[in-house]
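Working notes, structure below.
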Amino acid sequence: MKEILLNSFDTCAITHHAPGLWRHPQDRSHEFAQLDYWMDYARTLERGLFDGLFLADAIGYPDSYGGNADATLRHAALMPKADPSVLISGMASVTKHLGFGVTFNVFDEMPYAFARKISTLDHLTRGRIGWNVVTGYSDSAARGRGSDRLLPHDERYDVADEYMDVVYRLWETSWEKDALRFDRAAGVYADPARIHCIRHQGKYFRMEGIHMTHPSPQRTPLLYQAGTSGRGIEFAAKHAECVFISGPTRQSVAGMVKKLRSAMTTQGRRPEDIKIFVLLTVIAGETEAQAEEKHREYSKYVDREGALVLMSHWVGVDLSGLSMDEPIKYIKSNAVQSVLERFTVSSPDRVWTVGDVADFLGRDGGRPTVIGSPQTVASELEKWVDETDIDGFNLTWPVRPTSIEDFVELVVPELQTRKRYKTAYRPGTLREKLFGAGPLTGAGHPTYALRTQS
């Protein structure tokens, strides 16, 4: 039986996936710009032995719905939003084991500066940092960077492939293993003969320089990826160690998992070299009745328009002119193609209307929701893992931090009783905790060849 892995999935904003729930009297997400909120959050997750806190992020804001940001601002739909990377040092200072996955877009920062940022975070967390590699999906972000619009979907992955080549060389080959001597007697801190200038001249990037800081515990951070389009799967199979997916049913998720693991083989890697997490919302109570009552109460705060603001943003299509009874149809866009696929081609047995999607996203965060007692929730999590071949979950929360505390206090002990969840953290870096091997990337990963040949 697989041991179930768990991440909390969040963002540094009031609203993440359930618009309207910020109005709930127990919700503290309005404190998102206060470090104390996040430090308490991290302590709770570590108490529950969570593997990581995954922080989604994106430059730009929703402006597809109605063609402007008015509804975005009115409903706090991913706006305002702060930079999550600056929170990590504070959370790391009050935890010892919790991992931190943070999203960075390859278009937002040049590889040379970004490589130093990640190495710094890996040092400060003692090897607990992960990078979710994204290519963006928002024209508002492109305009904020000074471009008219995003590059075409597949070309963005071409840029990302070259970006990875540059940062890999900085992390893995600029400083040799024994370059840092710290020899007080000889007065030599680092051996220049073992430190190399990296030069790159490519289609999208040009740089020359020595990596700005010495190798961190993991060198290359643990690599996450969330794209499940055809090009996204190809990219994930080459680079990722953890992949996040989402689907409305176990059947649809199982199909995606099969594609991902098959693509790993095509890239010369083992199918088990990635950990696959599926998005899920959990509402737990001491009893079935208590959990159902929570769900009914949360439903009172559903914000349909706020939900459609997010949906329009993710799929790059303005849904403001559609009636709630109109069926959702698949439209190929330049945004997040997999989001619309969840409600169309990946869910052929059901016709989703605009209203269905608004309610599903507004109440349950747009993903399957498990509601019930600790026993019911644990059984459902086991079914998802056993029937789909996923490794764990990215859990989203209707009310923060109440929903998280409920899970830690009620569901974690039940999973441990069933021997499906750890009772203590493994030692080492985030990569070591998840894979049980060394702190560096393994054989088959592109960085392995760079490191062993340098």
Side-chain angles (χ1 to χ4, degrees), residues 85 88-89 92 99-102 104 106 109-133 160-202 204-225 238-242 267-270 273-274 426-454:
S85 66
I88 292 173
S89 296
F100 301 97
V102 64
F104 286 104
V106 297
E109 195 164 357
M110 296 305 292
Y112 187 65
F114 173 75
R116 181 180 71 155
K117 177 179 289 184
I118 283 289
S119 292
T120 302
L121 287 170
D122 201 44
H123 277 300
L124 294 175
T125 61
R126 297 186 179 180
R128 292 186 278 149
I129 198 69
W131 171 29
N132 177 38
V133 188
D161 273 321
E162 185 177 328
Y163 195 101
M164 303 306 286
D165 290 342
V166 179
V167 293
Y168 284 164
R169 292 174 63 203
L170 287 165
W171 287 325
E172 299 288 353
T173 68
S174 187
W175 290 64
E176 294 182 24
K177 181 179 179 180
D178 300 322
L180 187 63
R181 287 179 52 185
F182 196 66
D183 187 337
R184 284 176 165 146
V188 176
Y189 185 78
D191 182 355
R194 293 179 177 270
I195 302 171
H196 311 288
C197 182
I198 304 302
R199 296 176 177 85
H200 176 85
Q201 178 75 53
Y204 301 104
F205 301 103
R206 184 176 73 176
M207 63 81 57
E208 178 178 328
I210 295 169
H211 185 40
M212 291 285 289
T213 188
H214 57 293
S216 65
Q218 297 183 115
R219 281 190 177 258
T220 294
L222 187 76
L223 294 168
Y224 298 82
Q225 209 271 335
K238 180 179 180 180
H239 299 285
E241 296 169 280
C242 298
Q267 290 289 338
R269 299 173 67 195
R270 301 180 304 168
D273 285 342
I274 54 169
R426 298 177 186 86
T429 64
L430 180 55
R431 183 174 284 117
E432 289 172 285
K433 290 180 188 330
L434 290 181
F435 288 93
L440 308 180
T441 52
H445 194 272
T447 54
Y448 181 82
L450 282 175
R451 191 168 59 248
T452 55
Q453 293 170 13
S454 61

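When reading the values below, keep in mind they use all heavy atoms of this one structure, side chains included, and skip hydrogens, waters and symmetry mates. Quantities reported herein were computed from a predicted structural model and do not represent experimental measurements.
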Please list, one pair per line, the donor and acceptor atoms closer than 3.5 Å that link side chains of residues 194-202 to other protein atoms, with sequence neighbours excluded.
residue, atom, partner, partner atom, Å
Arg194, NH1, Glu176, OE1, 3.1
His196, NE2, Glu176, OE2, 2.6
His200, NE2, Glu162, OE2, 2.9

Mind checking what makes side-chain hydrogen bond (donor to acceptor under 3.5 Å, both in side chains) contact with [X], not counting sequence neighbours?
X      : result
Arg426 : Glu3
Lys238 : none
Ser174 : none
Tyr448 : none

Say you draw a straight line from [atom1] of [X] to [atom2] of [Y]; how long is it, rounded to the nearest 0.5 Å?
X      : Y      : atom1 : atom2 : result
Arg206 : Met110 : CZ    : CE    : 10.0 Å
Phe182 : Asp191 : CZ    : CG    : 15.5 Å
Gln225 : Ile274 : CD    : CD1   : 10.0 Å
Glu172 : Leu450 : CD    : CG    : 7.0 Å
Arg126 : Leu430 : CZ    : CG    : 15.5 Å

Got a sec, which residues hit side-chain contact (heavy atoms from CB on, under 4.5 Å) with [X], two or more places apart in sequence or on another chain?
X      : result
Ala160 : Val106, Thr135, Phe235
Asn132 : Phe54, Thr103, Val134, Tyr224, Ala226
Thr213 : Ser119, His123, His211
Ala185 : Asp183

#### Entry: Pair Arg451-Thr220, side-chain donor/acceptor within less than 3.5 Å
no

### Task
Scan side-chain atoms only and decide if His239 and Tyr168 contain a donor-acceptor pair under the 3.5 Å cut-off.
yes

Is the shortest side-chain heavy-atom distance between [X] and [Y] below 4.5 Å?
X      : Y      : result
Thr125 : Ile88  : yes
Phe104 : Ile118 : yes
Glu241 : Arg431 : yes
Gln218 : Trp171 : no

To check you understand the geometry: which heavy-atom pair defines the closest contact between [X] and [Y], and what is its length?
X      : Y      : answer
Trp175 : Ala190 : CZ3-CB, 4.0 Å
Ser216 : Asp122 : OG-OD2, 2.7 Å
Ala443 : Asp273 : O-OD2, 4.1 Å
Pro439 : Thr429 : CA-OG1, 3.6 Å
Leu121 : Ser89  : CD2-OG, 4.5 Å
Val167 : Ala115 : CG1-CB, 4.3 Å

## Note on the structure
Sorted by chain and number, sequence neighbours left out, ring-ring contact (aromatic ring centres under 6.0 Å, His included) with Phe435 holds for none

### Message
Angle between ring planes, Phe114 versus Trp131, binned at 30° and 60°: parallel, tilted or perpendicular?
### Response
tilted

## Note on the structure
Sorted by chain and number, sequence neighbours left out, salt bridge (charged side-chain N to carboxylate O under 4.0 Å, His left out) with Arg219 holds for none

### Contacts of Lys433 that satisfy salt bridge (charged side-chain N to carboxylate O under 4.0 Å, His left out) - sequence neighbours left out
none

